[in-house]
There are 2 protein chains.
Amino acid sequence: MAKDKQFVSEITPQGEDFSRWYIDVIKKAELMDYSPVRGCIVFRPEGFELWENIQDELDRRFKETGHRNAYFPLFIPESFFQKEKDHVEGFNPELPWVTEAAGEQLEERLAIRPTSETMIGHMYAKWIQSYRDLPVKINQWANVVRWEKRTLPFLRTSEFLWQEGHTAHETEEEAREETMQMLEIYRDFVENFLAMPVIVGQKTPSEKFAGAVDTFSIEAMMKDGRAVQAGTSHYLGTNFAVAFDIKFLDRENNLQHAHTTSWGVSTRLIGALIMVHGDDRGLALPPKVAPTQVVMIPIGPPKTREQVIARVDELYAELKKAGIRVRVDDRADLSPGWKFNEYEMRGVPIRLELGPRDMENGAAVLVSRSSGEKRVVQQSGIVDEVTRLLDEIQREMYDKALRFREEHSKSVDTLDELKAQQEASRGFVEAGWCGSEACERQVKEETGATSRNIPFQPEHEKSTCLVCGAEAKHTVVFARAY
Amino acid sequence: MAKDKQFVSEITPQGEDFSRWYIDVIKKAELMDYSPVRGCIVFRPEGFELWENIQDELDRRFKETGHRNAYFPLFIPESFFQKEKDHVEGFNPELPWVTEAAGEQLEERLAIRPTSETMIGHMYAKWIQSYRDLPVKINQWANVVRWEKRTLPFLRTSEFLWQEGHTAHETEEEAREETMQMLEIYRDFVENFLAMPVIVGQKTPSEKFAGAVDTFSIEAMMKDGRAVQAGTSHYLGTNFAVAFDIKFLDRENNLQHAHTTSWGVSTRLIGALIMVHGDDRGLALPPKVAPTQVVMIPIGPPKTREQVIARVDELYAELKKAGIRVRVDDRADLSPGWKFNEYEMRGVPIRLELGPRDMENGAAVLVSRSSGEKRVVQQSGIVDEVTRLLDEIQREMYDKALRFREEHSKSVDTLDELKAQQEASRGFVEAGWCGSEACERQVKEETGATSRNIPFQPEHEKSTCLVCGAEAKHTVVFARAY
């Protein structure tokens, strides 16, 4: 057992150093590796499969709601950024520039896209002439680059993968409906597929997307109490339509600017997934996103081994046929104990053990990664038993994360209370806010917490601003954020 | 009908100007648009869906053969290119360089990846220590950039999309098996999914990948007789393993360099697909890759319209349930004739017409895009009838393309014969070759045709070199190529 002990001790406990825990886990589970390019990571197969499952599920939902995929160029001419004032201010500090190609200086520098509103705005202006051309509802899966000073694998990397939806509409009403529809798709996906509860709300003006009229977000709480913005949806008004000349003849034959939206989630979801569900034993993956949902491990002495493996293979075939993502680890040179630790560390939701005694009883043992519960079930009903347990685990992981968030959320009335809460435990804080940027900035400067969003459903409606004491215009959730 | 005529006349006939025909078709069918960045195109939804179908099918085949997806950085440090001499010579002239980011000059320039052998080689060196770590079989779907002087949508663009497989193995034998396996997957996919017959063979040394020991390719013939290299698979020997220090302890505890492979296909397949199957009416898509396989068009006078549409909707539901990609165009403001032209131009394999007379007879009319054949079928067996016709069209399109290639292929003995053939009709030419680069170059200089590959199954074994008359080492296929 000495080996098993050593194995676990390679992961720094969360309570000791959460950041080190995170890095230990993602390296050990082979989700990623550092690359020789500053701030860029390699998505190893174990990590990329999470992204593939996220992509498949979201892509299905986008297409169901009438969106189609397209692909726009990686390079954006410098002049494009100048066209929308807020946009250039927001993104200029983070852009990498291509200045030469094929041995020659370029006449105009090309940015690597940090997001594609400008390029897509330019193209939409060519494609949209009449209300008959609207709405345009396009999504793009792509790599984007923002040259970050401080990086953290998955959560903040210079190059990352994401999807960016871009739509254009006849009216503000329709564009706002789209903005909300996509926000709701993100909420539902993140809560029900990734088992991460989120606060849904609107960003304050100082935190909104550069160039947007309104930005909405979903915010999740990590196990160290910090927030991750898990997805955003923007109503862009006619800002980009004016900048890029997206005009159409409306039903009354008047020339109008289109109303546009954009919305995105990125590979930072992988980082959030790990920080919401992981524990001192490693990853814990919700069944719906887990590349492997069930790992089957034959146990017992060598003399019964062949017989046990034969039965494991039969059950494997049944589970696989039922659409369950299952694998068998029948390596003879590794102990069951070593394997148990290994798959717990990798976050596989269910371990199925089968030994000689189980064979006699027509039974099998299912062990839940997240709760540790052991359940002896009949082999004859294996598909139903596994399916039921996967559903239970999915629900239970969501509930657990929700409880954690509730335990680490507080409603406060003053900046001092907020400070005290942040020093004690971090977490989310609900407070009243007068709407002034000065008060918002003071919170940030004195506590490190930023306004996450103005939740649609605040737990407590606040009457006064936590900083200046004036009348509160909004109830805001503050937290330190990744 | 004046409108219909005008409609068709917007596409330049192939016989008049093949290049203009190509551009007319891909613009009119909304597969792409030009972008404001030189040599980069926008993949519009109609074009991108072709790529999505190609990706789905290939990805399934890669995974079935034990490959997993990963993602490596877009940026490659300049020093990496210096490590493999042939590689840097081959790619240096085409690289765009990032020289500044976030307002500062970079200490080392970063290339945008033209291909990822160097970055992946660097990472494999970290991951591979022992024969137990082998084989490593990873694929990446990504954008890559090669700054091209002359570009052509899909076939040659500065940024394009592709997949690049990279594997590492214990032995040359295993790596060569992998190289051949992937070549065969490409051949089977391109012939049976895209209905494009290909010549399978080995590249001559002067045409192989920069850094490879051996390069193998599949070559397809376009309708103007020119060739497109549709996929390549490389045995890289230990070249990249030596350059990047990919070493492992073998089963006898000796330190060895790994043997690596790489293989790829790109969005140029979309261009080839169009040039192999398209005609003066527009696109013609093989059923397996077509985003829409059947378009249903209700016809007849207004008074029966409602009834006809109701029946069309029932049949639509049946076809959809059977997994057939079907859509209905019941727009009332456009004539059936206009729609017929529209979907022929877009290359939809089957048009299903339903009118009042068909209703009386329980019949429907199926029209094949590729042959023009009309078939009256019973509504009661619609799923079987459509499925059968889709299969027939798929086969027939392949056979037609194969016949075209055979009619435009010739076996010659001398350079003069090759010249005469190229002047008369282009197409493929089989000829003997002594193996010298000088003779190969002379063919290119005098005729514009390049050696496509040394086919595994030459039609005619040649005994003398077409240029110098010395003994032929190989039989080579020559052609002008995109």
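Any value given below was found using the heavy atoms of this structure, including those in side chains, with hydrogens, waters and symmetry copies removed. This is a predicted model, so every value here is computed, not measured.
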Check each atom of [X] against the heavy atoms of chain A and say whether the ones under 4.5 Å are side chain, backbone, both or neither.
{"X": "Glu100(B)", "value": "both"}
{"X": "Glu30(B)", "value": "neither"}
{"X": "Glu49(B)", "value": "side chain"}
{"X": "Leu95(B)", "value": "backbone"}
{"X": "Met32(B)", "value": "neither"}
{"X": "Lys126(B)", "value": "side chain"}
{"X": "Arg146(B)", "value": "neither"}
{"X": "Leu110(B)", "value": "side chain"}
{"X": "Pro93(B)", "value": "backbone"}

*Distance-only, no hydrogens or angles: does the Arg251(B) side chain make a donor-acceptor pair with backbone N or O of Tyr131(B) under 3.5 Å?*
no

_When you measure from the side chain of Tyr124(B) to the backbone of Thr260(B), do you find a donor-acceptor pair of N or O atoms at a distance under 3.5 Å?_
no

*asked:* Centre-to-centre under 6.0 Å for Phe75(B) and Trp147(A), is that the case here?
replied: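 Yes, ring centres under 6.0 Å apart.
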
*Less than 6.0 Å separating the ring centroids of Phe62(B) and Trp263(B)?*
yes

_No-hydrogen, no-angle side-chain donor-acceptor test under 3.5 Å, Glu117(B) and Ser262(B)_ =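 Indeed, the side chains of Glu117(B) and Ser262(B) share at least one donor-acceptor pair under 3.5 Å.
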
*State whether a side-chain donor-acceptor pair under 3.5 Å links Glu164(A) with Ser116(A).*
yes

*CZ of Arg60(A): more than 12 outside heavy atoms within 6.0 angstrom?*
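Enclosed.
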
*Hey, which of Glu52(B), Lys149(B), Glu148(B) has the most heavy atom pairs under 4.5 Å with chain A?*
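The answer is Glu52(B).
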
